[in-house]
Protein chains: 2
Amino acid sequence: MRVKIGEETREVRTLWREGRTVWMIDQRKLPHKFEITATNHHAETADAIRNMVLRGAGAIGVAGAYGMAQAAMEAEHLKPEEFEGYLETAAERLRRTRPTAVNLFHAIDRCLRAASGPVQERVRRVVSEADAVAEEDLAASRRIGEYGAALIGDGFRVLTHCNAGALAFIDYGTALSPIRFAHRQGKKVFVYVDETRPRCQGARLTAWELQQEGIPYAVIVDNAAGYFMSRGEVDMVIVGADRIAANGDVANKIGTYEKAVLARENGIPFYVAAPRMTFDLGCGTGDEIEIEERDAEEVLGMWGVGEDGAPSRVLIAARGTPARNPAFDVTPARYVTGVITEKGVLRPPYSESIRRTFGG
Amino acid sequence: MRVKIGEETREVRTLWREGRTVWMIDQRKLPHKFEITATNHHAETADAIRNMVLRGAGAIGVAGAYGMAQAAMEAEHLKPEEFEGYLETAAERLRRTRPTAVNLFHAIDRCLRAASGPVQERVRRVVSEADAVAEEDLAASRRIGEYGAALIGDGFRVLTHCNAGALAFIDYGTALSPIRFAHRQGKKVFVYVDETRPRCQGARLTAWELQQEGIPYAVIVDNAAGYFMSRGEVDMVIVGADRIAANGDVANKIGTYEKAVLARENGIPFYVAAPRMTFDLGCGTGDEIEIEERDAEEVLGMWGVGEDGAPSRVLIAARGTPARNPAFDVTPARYVTGVITEKGVLRPPYSESIRRTFGG
C-alpha cells in the first residue's frame, strides 16, 4: 500500500520478514500515528498478535506463519525431538493468541507439516512455507483487485463497511483492492466509508488507507448509508468477509447485512471480496455460523485520541447500562450480486459456482 | 416521567413553570448526572434553548411559550405600545435560538396573538396561552401512549431509534409513550435502543429514560438492529418523527430509513409516533423536505465522559478527515405500518387518513 512518509510516498506492506525479524505497522496507533515495530522472537510475535498490533484474517495468518519461521530459526541447533517439541510449543503459543482465527490455525499447521522433513532441511522448509503463506496472501489480494476493478466504472461511488483493506492482509486488501486498482488504472472513484461501530475500523483504518493512496472519500455514520443509497449517490457496495458458507451466505462485521438489504432495495450491486481461505466448504449455510457476542464496553464507550493526542476513551451511556454486542452478522446469499475471488467473480447460484471453483 | 432520586421514584416533567420561574432538566448532563436548572427571565430561557439544556420539538416549543409568558410578566407595567414592542423583541430573541424549529415558531406566534387583547387582560392571556401549549403537548403524548400501547403485545420486544421520549416533550414522549403505557399496564416489554450515531441520543437519553422507568432494555450499535430483526428477536419498531408530509413520508433522525427497510424485509411492523404538530400538510411529499447536513466534527469524534467523570471528547478518525453528516433522512410512506397520533392510529393510504384526521 502507498503510505505518505514526510514528502515521499512509499510502498509498505502490513508486515514482512527479514531474517529473524518480523516488521509490522502498529495498527493500534493508526490513524493518529504511523509507526513500524519489530519482533525478533516468536514469543514477541505472539504478543503482537494478541495485543492487536495487527488484526485482520490475512495479516494474522501471515504473522502466525512468520512466528513459526522465527521458532524454527530459534531451534536450529536443537536435536530432532527437541526441535519438534520446540515447534509444537511455539505453535501452541501462537494459536492461543486469537482463539477464533481459523486462518491463523491453518497457517501454523502448514508450517508444522513443513517441519517434518529431513533434519538438514527442516529450518529452510519451515521458513519457506511461511514465506509461501505470505506470498499467496499477497497474490490473492492482487488478483481480487484485478478482477474487481473491472466491475468499477469510471466515476463510480463505492460504499464499503469496516476495513477489508491492505491492513487486514499483507497488502492491497480484499474490498479495498478493486478500488485501489481502479484508482491506479486512472478511473475516478469516490468511496463512502461506513465508520463501523463499535470499533470504528472504517473511520480509523479504511479512511487512513484511502487518504494515503490519494483516493477521494468521506466517512459517514453507519446510519447514513441508506440515505445516500436512496438518493442514487451510491453505484456499488463492496465489503469483505470473515467466512463464506458453501451456499454463499456471508458472515462479516456487524452491519454488513443491513447494507446488503438496503443495496438490494435500491437496486445497487452488492459485492463481497474474499480469497479462497475465507470459504468454509464444511459449513453448509449461514445458519451454522455461530455469532460471537463481545463485551458491552465496546458499545458503551468509544476509543480515540483526546485533545492532547493521547489515546483516550469516553463513556457514552451511563455506567452499567445493559448492551448487546454481536460482532458479526450473516448476509444471506440472495443479497449478494457476486463474490470477487482470486479465481474470478463468482455468481449465483453460489452452491454451484463455489463448488466448481474451490470444491474438491 | 419517573425519575429515581436517591431511594425515591418521583414524577418529573422535562420542564414546568412556577410563576416567573421555568424549571427544566439539564439534558446536557444526562445520563451521567441528573440536574434541574431554573430560568427567571425570558432571555435566560432563550439561552437555555440555544445551549441545548433541552432539545426535542415539543420541549423546545413549550420552552418558547414559557419564555413568552416570562416576557409578558416582565412587561406587566409597561404602556400598551411598549408592552407590544417588548413582546415582539422577546419573540425575536426566542425564535433566533433554533432557526429550524418550526414548532418553536408556532408556539411563540400563539402567545403573540394572545397578547392582542384588552390591556388589563393581556398578561393573563399570554401566560394562559403558554400553559395551554404545554398542556396540549402533554395531552397529545399521553393519548399517543394510550393508542400505541394497544398495539404492543405482552412480551413484545420493541426497537426504537434516537430519543422520541419524555425528554423531547413535556412528558411521556411519542415513540416511548406507548412503551411506557404498556409497561405501566403490566405488560412485559423489552426495548432495543439504537445508540443513534452521531449524537447518540439513544444511548444517552432513551436508555436513561427506560432505566429510570424500570423497563428492561439493551443499547445496541445502529449496525446491529438488522441482526436482531433477522433472527426474529424484534416484534415491532416504533420511532418518532421530525416532520410528516401530507402523503405520509416521514423525516426523522438519520438511520430511521434503514430501520424501516429492514423491518419490512423481515415482516416486522414499523410504526411512527407523532402529534398533530409534526404533520406539515403544506408539504406534499418527502421529496420537498430539505435535509440539513451538520458539521463533520460530529462524525469524526464522540462526546461522553472520561475516566474522571468529566465531559470529554475523543477524535476517532485522523484530524481533517472528510466526512458527510446528513442529520435526517426520509422514510417513504410505503414502509410505515401506521402513524400513532393523539387522534388514533392512522393507516395507509396516508394521503386520505391524514387529510381526514387533520385536514381543514
Side-chain angles (χ1 to χ4, degrees), chain A residues 30-32 161 192 194-198 200 203-204 207-208 211 216-228 230 253-258 261-262 264-265 291 296 298-307 312-319 321-326 328-330 332, chain B residues 30-32 161 192 194-198 200 203-204 207-208 211 216-228 230 253-258 261-262 264-265 291 296 298-307 312-319 321-326 328-330 332:
Chain A
L30 292 176
H32 309 290
H161 193 70
Y192 287 100
D194 281 356
E195 65 171 354
T196 319
R197 279 277 289 154
C200 291
R204 291 194 290 113
W208 181 82
Q211 196 252 319
Y217 69 95
V219 174
I220 58 173
V221 295
D222 303 300
N223 278 327
Y227 169 82
F228 289 108
S230 73
K253 184 64 63 210
I254 191 73
T256 302
Y257 164 71
E258 296 201 353
V261 169
L262 285 155
R264 205 186 52 174
E265 187 74 6
I291 302 296
E298 286 185 356
V299 176
L300 303 179
M302 179 87 97
W303 276 102
V305 296
E307 281 306 318
S312 177
R313 179 176 183 270
V314 292
L315 188 68
I316 305 158
R319 220 169 283 277
T321 295
R324 296 282 306 270
N325 186 20
F328 304 99
D329 60 26
V330 173
Chain B
L30 293 176
H32 309 291
H161 193 70
Y192 287 99
D194 281 357
E195 66 171 354
T196 319
R197 280 278 289 153
C200 291
R204 292 193 291 112
W208 180 82
Q211 197 250 319
Y217 69 95
V219 174
I220 58 174
V221 295
D222 304 300
N223 278 326
Y227 169 82
F228 289 109
S230 72
K253 184 64 61 212
I254 190 75
T256 302
Y257 164 71
E258 295 200 353
V261 170
L262 286 154
R264 204 185 57 174
E265 187 74 7
I291 302 295
E298 287 185 356
V299 176
L300 303 178
M302 178 89 96
W303 275 101
V305 296
E307 281 305 318
S312 176
R313 179 173 183 270
V314 292
L315 188 69
I316 305 158
R319 218 170 285 274
T321 295
R324 295 284 306 268
N325 186 21
F328 304 99
D329 60 26
V330 173

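Hydrogens, waters and symmetry mates play no part in the numbers below; they use all other heavy atoms, side chains included. In what follows, chains carry the letters A, B, and so on, assigned in the order in which the sequence lines appear, proteins first and then strands, with residues in each chain numbered from 1.
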So which of A/Gly304, A/Pro322, A/Gly255, A/Gly226 has the biggest tally of heavy-atom pairs under 4.5 Å with chain B? A/Pro322

Quick one: of A/His161, A/Arg319, A/Glu298, who has the most non-hydrogen atom pairs under 4.5 Å with chain B? A/His161

Pair count under 4.5 Å, heavy atoms only, with chain A: among B/Lys253, B/Glu195, B/Arg313, B/Glu307, highest is B/Glu195

Partner chain B: residue of A/Ile220, A/Thr256, A/Asp194, A/Leu262 with the largest heavy-atom pair count (under 4.5 Å): A/Leu262

In terms of heavy-atom pairs under 4.5 Å, which option from B/Ala296, B/Ala323, B/Pro332, B/Ser230 contacts chain A the most? B/Ala323

When the 4.5 angstrom heavy-atom criterion is applied to B/Asn325 and chain A, the contacting part is neither

For B/Glu258 and A/Asn223, the nearest pair of non-hydrogen atoms, with its separation, is OE2-O, 3.4 Å

Counting only heavy atoms closer than 4.5 Å, note whether B/Phe328 contacts chain A via side chain, backbone, both or neither. backbone

I'd like to know which of A/Asp329, A/Leu30, A/Asp222 tops the heavy-atom pair count under 4.5 Å against chain B. A/Asp222

Heavy atoms of A/Met302 and B/Ile316 approach each other most closely as CE-CD1, 3.2 Å

Shortest non-hydrogen pair, B/Ala318 vs A/Pro31, comes out as N-CG, 3.4 Å

Under 4.5 Å from any heavy atom of chain A, what part of B/Gln211 do you find: side chain, backbone, both or neither? neither

Against chain B, work out which of A/Tyr192, A/Trp208, A/Tyr257 has the most heavy-atom pairs shorter than 4.5 Å and name it. A/Tyr257

Search all heavy atoms of A/Ala218 against all heavy atoms of B/Arg324 and return the closest pair with its distance. CB-CG, 3.7 Å

Counting heavy-atom pairs under 4.5 Å to chain A, which of B/Ile291, B/Val330, B/Leu300 comes out on top? B/Ile291

Any idea which of B/Val305, B/Val299, B/Thr321 has the most non-hydrogen atom pairs under 4.5 angstrom with chain A? B/Val305

Leading residue by heavy atom contact count with chain B [cutoff under 4.5 Å; candidates A/Pro216, A/Ser312, A/Gly306, A/Ala207]: A/Ser312

Contacting moiety of B/Ala225, where chain A heavy atoms sit under 4.5 Å: both

Between A/Ala317 and B/His32, which heavy-atom pair has the shortest distance, and what is it? O-CE1, 3.4 Å

